[in-house]
Amino acid sequence: MLRFGGDYNPEQWPEEVWAEDLRLMSEAGVNMATVAVFAWSRLEPEQGAWDFAWLDRILDLLHEHGIDADLATATATPPPWLVRAHPEMMPVTADGVRLEFGSRQGYCPSSPVYRTHAVRLARTLATRYASHPALKMWHIGNEYADHTLECFCEVSAAHFRTWLEARYGTIGGLNAAWGTSCWGQLYTGFDQVEPPRTAPGPVNPAQLLDWRRFCSDALLELFEAEKAALREVTPDIPVTTNFMSILHGLDYWKWAAAEDLVTDDAYPDPADPESHVAIALSYDLMRSLKRQPWLLLESSPSAVSWRAVNAPKPPGMMRLHSLQALAHGSDGVMFFQWRQARFGPEKFHSALLPHGGTATRGWQETLQLGRDLKALAEVAGSYEQAQVALVLDWDSWWGLEAPESMPSDRLKLKELLLDWYRPLHARGIAVDLAPPGRDLTGYRLVIVPNLYLCTEESAKALSAFDGELVVGPFSGVVDAADQVHPGGAPGPLRDLLGVTVEEFWPLHDGVTQATTAGAARTWTEWIHATDAEVVARYRGGELDGRPAITRKGGVTYLSCRLDDPAPFLDTVLARADVHGVEVPRGVEAVRRAGHLFLLNHTTDPQRITLPQAGTDLLTATSRQGEIELAPRDAVVLRLEGRK
Ligand code: GAL
């Protein structure tokens with residue numbers, strides 16, 4: 001079954017509305033609702049004074065209508081009484097400002113008060129609803145790190161010190177790892193170490209890197225604490241928390257390992273004609289995290305309310321974007337939110353049931369999507385590994401984007417990923433993401449857009465891969481402590497790549513450097529091909545004639561960021577024997593285990609020659625040869641000969 005539904009906030013509505021909600025949910029084919037995400041103050045208006053009656057009623061109603069509950073632990077907004085009793089639990093900024101109540105996610109991730117009460121709430125809910133037949137999934141917290149990723153209070157500082165002590169054992173170990181002999185930062189005790197608060201100048205980058213790791217871990221500890229309470233009471237109910245696409249702040253490889261099901265919230269900007277490409281990359285990450293189907297838990301039916309200008313989704317786009325998530329491995333499409341709010345910061349955020357009710361095109365599109373999802377039920381649960389993988393590592397990302405200490409602040413990991421993803425996507429080639437230490441067996445082509453921080457283990461895993469490997473610039477530079485590898489880049493990748501890097505030559509915005517493989521931008525390097533063939537050279541300028549791209553066995557090193565990597569990519573794809581689906585620009589072709597999704601993201605009709613005959617599940621018709629796809633329309637083919 002494919003999931004269909006969304007966040008349902010009945011606590012914002014008088015009870016008279018609930019019956020209509022449920023009737024319309026049934027009419028639309030909704031089969032899952034996320035409830036109680038921000039309901040703590042409603043469930044427990046004063047400490048220990050529980051009010052469960054309304055939630056009992058809602059869960060009963062959902063069940064009576066055949067709708068499953070993704071029940072939140074309701075810990076995303078601690079209630080006013082808790083904050084007033086413990087003002088120290090509110091987060092503090094790097095400048096020392098303590099934030100106030102009045103929004104959501106108002107908690108210091110390290111606060112023992114918040115943790116104790118959150119776990120108490122989770123356990124209370126689990127105990128009350130353990131045997132409720134509507135309960136099918138636990139939704140812990142909400143979008144961790146959305147508003148509160150870090151806190152610089154004294155409690156957080158103490159937690160950070162404990163984390164550091166566990167990592168380094170002795171203060172000498174920390175001094176060595178952080179290189180504190182630089183700028184006179186030698187510590188003689190952990191009690192002297194602080195979070196990287198606003199300082200007179202650039203903060204030690206090793207300290208910042210550990211802080212990023214710590215902040216991701218501190219929030220994960222919170223998730224784990226709630227999960228442990230749920231597991232004790234409801235061991236068989238799967239747990240999740242909704243991710244936020246490709247998020248810098250949290251190491252999702254680590255987080256996903258703690259979840260039963262990966263779920264994601266995705267909000268591509270309807271005003272950006274290319275937004276479906278970046279969002280496809282994040283969907284591919286979601287599928288790759290646990291190498292299994294995932295679930296789009298939040299998306300917007302039309303406009304959001306948090307951009308400066310919030311464009312609605314034109315007719316057809318909600319359906320198209322929903323089918324896109326399925327194509328990339330989601331087992332359903334859920335939304336924020338069911339009924340459009342009348343008050344609060346999200347009153348202008350779209351919903352499955354708009355302010356105007358059922359007399360709206362929005363509602364018609366909700367009904368249409370419900371029908372489409374039924375027609376596509378057979379894709380649920382299907383998964384297959386792609387032939388191409390992009391390597392993504394959070395440690396390396398954090399190191400690469402450290403402020404004020406790099407050769408250039410222009411190398412941004414998401415952009416580097418997209419440099420490769422964009423042409424792969426345009427060619428209809430399925431892509432997985434992988435952490436650097438993962439077993440890469442089965443892939444034909446692995447691209448490492450950047451691996452600034454590269455450990456011996458990562459280098460070993462990459463060396464063990466026997467397909468085509470492409471490594472991007474500024475890789476193998478530092479170790480896990482952000483210290484430059486002895487002898488410089490590419491450190492532990494030196495033998496694999498057969499090059500040494502002598503100097504980094506970053507380029508200013510708008511400046512390009514010619515190479516025999518096309519123009520480079522942002523970044524170039526002065527390298528030596530010690531044990532590799534030179535396949536492209538710099539032309540003109542200070543690097544004239546020097547190697548730009550090298551190859552050793554099946555391993556290519558690019559010392560620059562190519563302005564247009566597509567021609568180079570085509571030669572690598574040919575070598576790796578990887579083939580996509582030929583489609584016009586703006587049409588997305590995605591294979592999902594025996595099915596081919598063709599999605600027309602343009603506003604023009606498009607003609608496509610099908611690579612294989614099949615049955616279009618949306619119209620229940622056989623299709624072969626050339627077809628025409630209307631603007632923003634899609635076909636989902638069950639390919640012949642495959643179930
Ligand atoms: C998400 C959040 C939801 C809602 C939504 C609006 O970030 O989890 O609660 O605020 O955005 O787009």
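Ligands are counted one by one from 1 in listed order, and the atoms in each one are counted from 1 as well.
- Residues that satisfy the side-chain contact (heavy atoms from CB on, under 4.5 Å) test with Ser245, not counting sequence neighbours, are Asp264, Ala266, Ile279, Ser282.
- Counting heavy atoms from C-beta on, the side chains of Arg438 and Arg291 come closer than 4.5 Å.
- With a 6.0 Å cutoff to the six-membered ring centre and a 45° limit on the axis angle, Arg213 does not count as a cation-pi contact of Trp398.
- In this structure Glu44 satisfies the side-chain hydrogen bond (donor to acceptor under 3.5 Å, both in side chains) test together with Trp40, Arg120, sequence neighbours excluded.
- Relative to the six-membered ring of Trp54, Arg42 meets both conditions, a distance below 6.0 Å and an angle of at most 45° to the axis.
- Around ligand 1 you find Phe38, Arg104, Asn142, Glu143, Asp146, Asp265, Tyr267, Glu298, Trp306, Phe336, Glu346, His349, each with a heavy-atom distance below 4.0 Å.
- In terms of the side-chain hydrogen bond (donor to acceptor under 3.5 Å, both in side chains) criterion, residue partners of Thr234 (sequence neighbours excluded) are, by chain and number, Trp138.
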